[in-house]
Amino acid sequence: MKLLENSSFEAINSQLTVETGDAHIIGRIESYSCKMAGDDKHMFKQFCQEGQPHVLEALSPPQTTGISPSSQSGDEEGPLSDKCSRKTLFYLIATLNESFRPDYDFSAAKSHEFSREPSLNWALKPHLWDAVDEEICLSECDIYSYNPDLDSDPFGEDGSLWSFNYFFYNKRLKRIVFFTCRSISGYAYTRTEPGTELDMELGEEDTENGDSGDTESGSIEEERVPVLCV
């Protein structure tokens with residue numbers, strides 16, 4: 001997987017860090033080429049030892065509202081019958097590895113941690129969807145989400161309120177646009193010096209306060225709806 005330069009996405013990413021008072025929203029959107037080279041080919045060869053690329057893997061039900069592609073075909077199993085090829089599954093895992101390296105390794109991720117989404121209806125300003133459409137051609141895309149358990153979740157640290165990871169996969173273009181976002185409670189969020197990475201740590205004062213920090217987190221947990229207006 002290769003990260004593709006996109007000036008529109010870079011401009012959008014600068015707007016995807018939002019402070020809401022009680023919480024902080026941090027997001028980014030990136031474009032990746034699915035053309036394999038070097039390490040990718042080696043990883044794909046190892047991945048295929050567990051099954052051939054054309055073999056279909058069962059996915060979990062969609063996380064968003066709507067009718068899944070399989071249920072439209074009259075399949076009585078409904079959303080549970082959604083599947084993708086192992087080759088597509090490899091692309092999704094490789095995208096996660098490339099986006100979060102070197103901090104996380106998703107090589108052991110399983111198909112049940114992913115879902116195919118029927119649609120995404122969010123309160124996002126048109127310029128974001130326009131930029132995604134120009135890069136990936138949304139009408140030709142399959143949309144997937146990554147929904148890991150807490151042990152595998154890269155955003156599963158203390159203070160995390162909600163997160164999402166969506167993939168827009170265009171098979172013809174051999175390209176994936178990856179949209180990831182998380183919300184962090186204010187007490188668990190510390191910003192480093194300007195221009196550096198965002199530092200996610202619990203401050204010593206909050207640790208010492210104990211119950212007061214938990215109360216604040218609990219009140220925020222009640223509002224976990226990922227709505228972005230950028």
Side-chain angles (χ1 to χ4, degrees), residues 1-6 9-10 12-14 16-18 23-51 57 59-60 63 84-117 120 136 142-169 175-185 188-192 195-203 217 224 226 228:
M1 307 296 289
K2 179 182 178 182
L3 178 64
L4 303 175
E5 293 185 4
N6 186 303
F9 285 179
E10 291 175 3
I12 290 171
N13 287 341
S14 67
L16 288 179
T17 298
V18 181
H24 299 260
I25 297 174
I26 305 170
R28 56 189 163 91
I29 187 166
E30 300 167 332
S31 181
Y32 291 91
S33 169
C34 295
K35 296 178 181 179
M36 289 184 283
D39 292 342
D40 288 330
K41 290 184 177 180
H42 177 69
M43 291 175 57
F44 184 62
K45 185 176 181 180
Q46 290 183 319
F47 186 78
C48 288
Q49 291 179 357
E50 299 181 13
E57 295 275 357
L59 304 174
S60 289
Q63 302 299 303
C84 74
S85 70
R86 284 187 58 80
K87 188 171 186 179
T88 297
L89 180 61
F90 173 81
Y91 288 150
L92 302 180
I93 293 173
T95 298
L96 288 171
N97 278 335
E98 187 66 27
S99 183
F100 288 98
R101 73 170 50 186
D103 299 319
Y104 298 93
D105 184 0
F106 299 88
S107 301
K110 303 301 182 182
S111 62
H112 66 80
E113 297 178 84
F114 296 86
S115 303
R116 184 163 58 184
E117 306 297 337
L120 294 179
I136 200 75
D142 287 323
I143 304 173
Y144 297 91
S145 63
Y146 175 59
N147 312 287
D149 57 32
L150 288 177
D151 292 335
S152 304
D153 190 351
F155 298 148
E157 59 266 277
D158 291 337
S160 178
L161 303 180
W162 54 258
S163 64
F164 62 72
N165 301 279
Y166 287 106
F167 310 79
F168 302 85
Y169 173 44
R175 185 178 301 172
I176 287 177
V177 165
F178 180 52
F179 187 11
T180 180
C181 191
R182 56 180 165 167
S183 177
I184 309 158
S185 63
Y189 178 91
T190 303
R191 187 183 297 277
T192 58
T196 61
E197 291 289 324
L198 296 172
D199 184 25
M200 284 289 302
E201 294 181 350
L202 287 174
S217 176
R224 296 170 61 96
L228 296 179

Contacts of type side chain to side chain contact (heavy atoms under 4.5 Å, CB included), residue Glu10, not counting sequence neighbours
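For Glu10, no residue satisfies side chain to side chain contact (heavy atoms under 4.5 Å, CB included) once neighbours in sequence are set aside.
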
The criterion is side chain to side chain contact (heavy atoms under 4.5 Å, CB included); which residues satisfy it with Glu50, sequence neighbours excluded?
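Listed in chain order: Arg86, Lys110.
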
Approximate separation, where rounding is to 0.5 Å, of [X] [atom1] and [Y] [atom2]:
{"X": "Asn165", "Y": "Phe179", "atom1": "CG", "atom2": "CZ", "result": "10.5 Å"}
{"X": "Leu92", "Y": "Phe114", "atom1": "CG", "atom2": "CZ", "result": "5.5 Å"}
{"X": "Asp39", "Y": "Met1", "atom1": "CG", "atom2": "CE", "result": "13.5 Å"}

Just grab all the salt bridge (charged side-chain N to carboxylate O under 4.0 Å, His left out) pairs involving residues 88-106, residues at least two apart or on different chains.
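For residues 88-106, and leaving out neighbouring residues, the salt bridge (charged side-chain N to carboxylate O under 4.0 Å, His left out) pairs sorted by first residue read Glu98-Arg101.
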
Residues that [X] engages under ring-ring contact (aromatic ring centres under 6.0 Å, His included), provided they are two or more places apart:
{"X": "Phe100", "result": "Phe106, Phe155"}
{"X": "Tyr169", "result": "Tyr91"}
{"X": "Phe47", "result": "Phe90"}
{"X": "Tyr144", "result": "none"}

Heavy-atom pair of closest approach, residues Ala109 and Ile93
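Looks like O-CD1, 3.6 Å.
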
Work out which heavy atom in Cys84 is nearest to a heavy atom in Leu59; give both atom names and the distance.
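Scanning both residues completely, I find the closest heavy atoms to be SG-CD2, 3.8 Å.
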
Kindly write out the residues that satisfy side chain to side chain donor-acceptor pair (under 3.5 Å) with Ser145, not counting sequence neighbours, or none if the list is empty.
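So Ser145 forms a side chain to side chain donor-acceptor pair (under 3.5 Å) with Glu117, Asn147.
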
Please enumerate all residues that pass side chain to side chain donor-acceptor pair (under 3.5 Å) together with Thr88, with sequence neighbours excluded.
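Thr88: side chain to side chain donor-acceptor pair (under 3.5 Å) contacts with Ser85.
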
Can I get a per-line list of side-chain donor-acceptor pairs under 3.5 Å for residues 25-34, giving both atom names and the distance, sequence neighbours left out?
{"from": "Arg28", "atom 1": "NH1", "to": "Glu30", "atom 2": "OE1", "distance (Å)": "3.1"}
{"from": "Arg28", "atom 1": "NH1", "to": "Glu30", "atom 2": "OE2", "distance (Å)": "3.1"}
{"from": "Arg28", "atom 1": "NH1", "to": "Ser99", "atom 2": "OG", "distance (Å)": "2.5"}
{"from": "Arg28", "atom 1": "NH2", "to": "Ser99", "atom 2": "OG", "distance (Å)": "3.4"}
{"from": "Glu30", "atom 1": "OE1", "to": "Tyr32", "atom 2": "OH", "distance (Å)": "2.6"}
{"from": "Glu30", "atom 1": "OE1", "to": "Ser99", "atom 2": "OG", "distance (Å)": "3.0"}
{"from": "Ser31", "atom 1": "OG", "to": "Glu135", "atom 2": "OE2", "distance (Å)": "2.5"}
{"from": "Ser33", "atom 1": "OG", "to": "Lys35", "atom 2": "N", "distance (Å)": "3.3"}

